[in-house]
Amino acid sequence: MRINVLTIFPGYFDDPLSLSIPGRAREAGLVEYRLVDLRDHTHDRHRTTDDGPFGGKAGMVMKPEPFFEALRVLSDPGHVVSLTPRGRPLEHATAVRLALEDEITLLCGRYKGIDERVTEEWVDEEVSIGDYVLSGGEPAALVLIDAVVRLLPGALGDHESASSDSFYDGRLAPPAYTRPAEHEGRGVPDVLRSGDHAAIERWRQRRADEATHARRPDLLDLDAAD
Ligand code: 9D3
């Protein structure tokens, strides 16, 4: 898979895409990242990528020309996703769908957003990562890339196997413990050290239900719908 990212801050992606699962997936040849600096697609002395909005109002809008030129230079950008607070909320299903593409191109806006003509001409879908205000699309693009790349076959090692991600079936995972068995006066629940695998599984399921009821009752409501 190839993932292109159009941004005025290509350096923002250096470490996140070199480390951990996204980095290992690249080294394994499962994914190629192409960072495109929008300033390389400007033609004025100041390498201008934004301008004031038509119709008054404060803030700046990303100019269309650098996006158009960068997207044309890619020749075929594949499935184009714009990261914007106006987008559909990112879900696991979004990541699953995007992981099936050969090539995706992510557009990162700043300030008030990207000129709407870019969206009309190039964008297949607009995605948000949630209802809070970021400084730009870059952190959202990294979140999306991480969620997609870990789904590529071979991306996860034995210790990260995705099989346990779905084990609690739309509910939150139970608490986890590792050694030491006692740490600064706090122990590990006896059942986890009992060797009774059926009892351990009952404990885990119950703690998963409790956490989901307390923190994410919306997840249980979804269950009721189907
Ligand atoms: C005009 C009102 N603001 C929208 C809430 C303007 C605005 C604020 C922040 C426009 C862009 C941004 C920068 N944010 C993103 O580009 C962004 C984002 C976000 O802020 N939250 C959640 N997901 C995303 S994806 C891209």
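Whatever order the structure lists them in is the order used to number ligands and atoms, beginning at 1. All values reported here derive from a predicted model rather than from experimental measurement.
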Inset, instruction - Please check if the side chain of Y33 supplies one atom and the backbone of P22 the other of a donor-acceptor pair under 3.5 Å. - result: yes

Inset, instruction - Give a yes or no answer on whether the side chain of E160 reaches the backbone of G157 with a donor-acceptor pair at less than 3.5 Å. - result: yes

Inset, instruction - With rounding to the nearest 0.5 Å, note down the distance linking CZ in R34 to CZ in R2. - result: 4.0 Å

Got the closest protein heavy atom to [atom], with its distance?
| atom | result |
| --- | --- |
| atom 21 (N) of ligand 1 | Y132 O, 2.8 Å |
| atom 9 (C) of ligand 1 | L134 O, 3.4 Å |
| atom 23 (N) of ligand 1 | I129 N, 3.0 Å |
| atom 17 (C) of ligand 1 | P85 CD, 3.5 Å |
| atom 7 (C) of ligand 1 | Y111 O, 3.6 Å |
| atom 22 (C) of ligand 1 | G130 O, 3.1 Å |

Near [X], which atoms of ligand 1 are under 4.0 Å from a heavy atom of that residue?
| X | result |
| --- | --- |
| G137 | 15 (C), 16 (O), 26 (C) |
| V133 | 8 (C), 9 (C), 20 (O) |
| T84 | 25 (S), 26 (C) |

Legend entry - D218 with R216: basic N within carboxylate O range, under 4.0 Å: yes

Legend entry - For D209, salt bridge (Lys or Arg N to Asp or Glu O under 4.0 Å) partners two or more places apart: R171

Legend entry - Residue portion contacting ligand 1 (non-hydrogen atoms closer than 4.0 Å) for A140: side chain

Legend entry - Residue part near ligand 1, for D131, under 4.0 Å between non-hydrogen atoms: neither

Inset, instruction - Determine whether the side chains of E65 and H43 contain a donor N or O and an acceptor N or O closer than 3.5 Å. - result: no

Legend entry - Any side-chain donor near an acceptor of the partner, E138 and T7, under 3.5 Å: yes

Legend entry - Test item: protein heavy atom less than 4.0 Å from atom 2 (C) of ligand 1: no

Inset, instruction - Report the relative orientation of the aromatic rings in F68 and W122; use parallel for angles under 30°, tilted for 30 to 60°, perpendicular for over 60°. - result: perpendicular

